[in-house]
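Down below is the structure, laid out as structure tokens.
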Amino acid sequence: MVRRAGILMPITSLPSEYGVGTLGQAAYDFVDFLEKAGQSCWQILPIGPTGYGDSPYQSYSSFAGNPYMIDLDLLAEDGLLDEEDYADEDWGEDPAKVDYGLLYNKRFAVLRKAADRLAAKAPKDYLEFLNAEKDWLHDYAFFMAVKTDLKGKPWRSWPQELQDKNPEAMMKTRGKLFDDIAFWARVQYLFFRQYKALKKYANEKGIKIIGDLPIYVASDSIDAWSFRDQFQLDEKGSPKAVAGCPPDAFSADGQLWGNPLYDWEKMKKDDYKWWTSRIEHQMRFYDILRLDHFRGFSTYYAIPAKDTTAKNGVWHRGPGIEFFKTIEKKLGKLELIAEDLGDLSPDVFELLDQTGYPGMKVLEFAFDGEGSDYLPHNYGKNCVVYAGTHDNDTVLGWLKSASASVRKKAVDYFHMDTKEGWNWGMIRGAYASTAELAIVQAQDIIGLGSEGRINTPATASGNWTWRCEDGALTDAMAERLLKLAKLYNRNAPERKKTEQK
């Protein structure tokens, strides 16, 4: 692998006049910034439609795209909206925060206007899309139409015949909700069309998109509803046990995620068909895929479904290396990253070695104690280094809250000074490491404190809202990153051009 560098920037965090980052001009501008800065990768968070809590790791679907990311200006350019349909709406007062409640109440009315106009003059590729995506799209559109009709109720609170997908009840409901079902399918076409164009632009600029695959699906999701036999559910469709992780540095009670657990033995019998389809679909969106909670493929934590904390969970064996061999046999060699963070047991390290996937190193974890594996002098090459991830504070926020001894270790280790800026000292440290790929958060380039934090694990509110303000990423910052990329041989696109001469 060639030494590379990239930036972590969620699509929803991009600048926008309309309440949330989208697949529009700001996304193209960010790709241009990446190119100017000598970057090779753009890492984003999961792009599925979010449910209660707005977490991208709790999506209604493993296959659908987030309607909030559809750019309204691009729809206007396509003749599907008039500027007056959306430009004068109140999309929130704070350009640095996403107001998800406001989006939920206003965005879909605007998208419905675009969807109606799409139906009136549907392009040829719309019908092709409906046919190509039929294996998941029909269930998704039906699910969202029913959920909307029932005021957002989770599927386990639907009429029993719809929970069980009774054919007669499904047919009757399709007739009743025909227009709404068509709306949700059209919205997905709009998302896919815009995303495909953006990815093409990024790839032509030499930028690979790193996606993020949550290991689990949401309890209230099309996946759990449509593929009940793939999960550890009782006869009523309720989880027997749920996912999470035990008490750790983030939470004394552990983290109770609440996701249904997979029936790995059942999945093994059909050669992991659902998983194969899921990963194959994701690789249409991304060039590189980060596997969230990699340890769950080795051993997973099962918490009694009725518990209110994660303290009483039990570890069970996961599918192991056989799973990854099956995926590779079916899909070929994929570029995957293993999220191997947390308190890991030897079996997880063994599985990581067996797969050969690069694991993750986080600089913010390196200075609490002695001899940490996260210290750069302990790295090999086959890893991805982060100053911090979306689950960490920004560099400046972390250093401000860290103990005096931790802060001194970090400052001494990287020879940081206030003139350079501690955030840039950490970026330099990541670039100088032996890791083949170095990723930094956009907030650390800008130099934000804790106000730029994206997520605080084990908290239920206030997350996923950070937005980059227009103009915050400057040409001077791009030049500074480019200088570091050249200095530490991470300017892969330029090196390729040189080799072609």
inquiry  = Students often mix this up, so state it plainly: with edges at 30° and 60°, are the rings of Trp398 and Phe367 parallel, tilted or perpendicular?
reply    = tilted
ask   = When you check the gap from the basic side-chain N to the acidic O, do Arg317 and Asp347 get nearer than 4.0 Å?
value = no
query = Any donor and acceptor pair, going by atom type alone, linking the side chain of Gln188 with main-chain N or O of Gly65 inside 3.5 Å?
reply = yes
task = Salt-bridge test for Lys97 and Asp99: reply yes if a basic N is under 4.0 Å from a carboxylate O, no otherwise.
result = no
inquiry  = Evaluate Trp422 against Phe414 for ring-ring contact (aromatic ring centres under 6.0 Å, His included), listing each step before the verdict.
reply    = CA-CA 9 Å; Trp422 284 351; Phe414 291 118; over 10 Å; no
message = Taking side-chain hydrogen bond (donor to acceptor under 3.5 Å, both in side chains) as the definition, give me every residue that meets it alongside Trp136, ordered by chain and number, with sequence neighbours left out.
response = Glu133
query = Between Tyr140 and Asp223, does any side-chain donor sit less than 3.5 Å from a side-chain acceptor?
reply = no
ask   = Do Asp368 and Ser372 pass the side chain to side chain donor-acceptor pair (under 3.5 Å) test, and can you show the C-alpha distance, the side-chain angles, and the key distance before you say yes or no?
value = CA-CA 8 Å; Asp368 189 5; Ser372 170; over 6 Å; no
inquiry  = Does this structure show an ion pair linking Arg428 with Glu420, if we count only N-O contacts that are shorter than 4.0 Å?
reply    = yes
ask   = Given the rule in the ring-ring contact (aromatic ring centres under 6.0 Å, His included) test, do Phe297 and His293 qualify, once you have shown the distances and angles that lead to the verdict?
value = CA-CA 8 Å; Phe297 294 104; His293 197 60; 8.6 Å; no
ask   = Are any of the side-chain nitrogens in Asp373 or Lys361 under 4.0 Å away from the carboxylate oxygens of its partner?
value = no
request  = Tell me, with the steps shown, if Phe294 and Phe324 meet ring-ring contact (aromatic ring centres under 6.0 Å, His included).
outcome  = CA-CA 11 Å; Phe294 179 79; Phe324 293 105; 5.6 Å; yes
Sub-4.5 Å side-chain heavy-atom contact between Trp42 and Phe33 = no
ask   = Any Lys/Arg nitrogen of Lys205 or Glu35 sitting under 4.0 Å from an Asp/Glu carboxylate oxygen of the other?
value = yes
request  = Apply side chain to side chain donor-acceptor pair (under 3.5 Å) to the pair Asn259 and Gln58, showing each step before the final yes or no.
outcome  = CA-CA 8 Å; Asn259 308 78; Gln58 298 284 354; 3.2 Å; yes
Pairwise side-chain contact, Arg284 with His281, heavy-atom cut-off 4.5 Å (strictly under) = yes
Step-by-step salt bridge (Lys or Arg N to Asp or Glu O under 4.0 Å) determination, Glu370 to Lys409 = CA-CA 10 Å; Glu370 301 296 332; Lys409 286 179 184 177; 3.3 Å; yes
query = Do side-chain atoms of Arg467 reach the backbone of Ser16 as a donor and acceptor pair under 3.5 angstrom?
reply = yes
key: Atom CG of Asp94: over 12 foreign heavy atoms under 6.0 Å   = yes
inquiry  = So for atom CG, which belongs to Asp417, do other residues, nucleotides or ligands contribute more than 12 heavy atoms lying within a distance under 6.0 Å?
reply    = yes
query = With distance as the sole test, does Gln39 use its side chain to make a donor-acceptor pair with the main-chain N or O of Leu34 at under 3.5 Å?
reply = no
task = State, without any angle test, whether Asn463 and Asp54 hold a side-chain donor-acceptor pair at a distance under 3.5 Å.
result = no
query = Tell me, do Tyr286 and Ile210 make a side-chain contact under 4.5 Å, heavy atoms counted?
reply = no
key: Electrostatic pair Glu335:Lys208 at N-O distance under 4.0 angstrom   = yes
ask   = Arg407 and Ser403: side chain to side chain donor-acceptor pair (under 3.5 Å), yes or no, with the steps?
value = CA-CA 6 Å; Arg407 184 162 52 248; Ser403 68; over 6 Å; no
query = Hey, is CG on Asn378 packed in by over 12 heavy atoms from elsewhere, all under 6.0 Å?
reply = yes
key: Electrostatic pair Lys106-Glu89, nearest N-O below 4.0 angstrom   = yes
task = Show the numbers, then the answer: is there a ring-ring contact (aromatic ring centres under 6.0 Å, His included) between Trp315 and Tyr300?
result = CA-CA 5 Å; Trp315 289 104; Tyr300 64 91; 8.4 Å; no
query = Using the ring of each side chain (for Trp, its six-membered ring), is Phe365 parallel, tilted or perpendicular to Tyr374, with breaks at 30° and 60°?
reply = perpendicular
Pairs under 3.5 angstrom only: tabulate donor-acceptor contacts from the side chains of residues 69-82 to other protein residues two or more places apart or in another chain.
{"unit_1": "Asp71", "atom_1": "OD1", "unit_2": "Thr22", "atom_2": "OG1", "d": "2.6"}
{"unit_1": "Asp71", "atom_1": "OD2", "unit_2": "Asp73", "atom_2": "N", "d": "3.2"}
{"unit_1": "Asp71", "atom_1": "OD2", "unit_2": "Leu74", "atom_2": "N", "d": "2.9"}
{"unit_1": "Asp73", "atom_1": "OD1", "unit_2": "Tyr18", "atom_2": "OH", "d": "3.4"}
{"unit_1": "Asp73", "atom_1": "OD1", "unit_2": "Tyr86", "atom_2": "OH", "d": "2.7"}
{"unit_1": "Asp78", "atom_1": "OD2", "unit_2": "Arg193", "atom_2": "NH2", "d": "2.9"}

query = Does Arg453 offer a backbone N or O that forms a donor-acceptor pair with the side chain of Thr394 under 3.5 Å?
reply = no
Tyr262 side chain near Tyr272 side chain, heavy-atom distance below 4.5 Å = no
key: Student check: side-chain heavy atoms of Arg278 and Leu213 closer than 4.5 Å   = yes
key: Heavy-atom neighbours of Glu17 CD exceed 12 at 6.0 Å   = no
Over 12 non-hydrogen atoms of neighbours within 6.0 angstrom of OH in Tyr104 = no
message = Check whether Arg490 reaches the backbone of Tyr431 with its side chain - one donor and one acceptor, N or O, closer than 3.5 Å.
response = yes
inquiry  = Does Tyr201 form a side chain to side chain donor-acceptor pair (under 3.5 Å) with Asp32? I'd like the steps, not just the answer.
reply    = CA-CA 10 Å; Tyr201 184 81; Asp32 293 342; 2.6 Å; yes
task = Without swapping roles, check the side chain of Asn392 against the backbone of Thr389 for a donor-acceptor pair under 3.5 Å.
result = yes
ask   = In terms of side-chain geometry, is the basic nitrogen of Lys483 or Glu479 positioned less than 4.0 Å from the acidic oxygen of its partner?
value = no
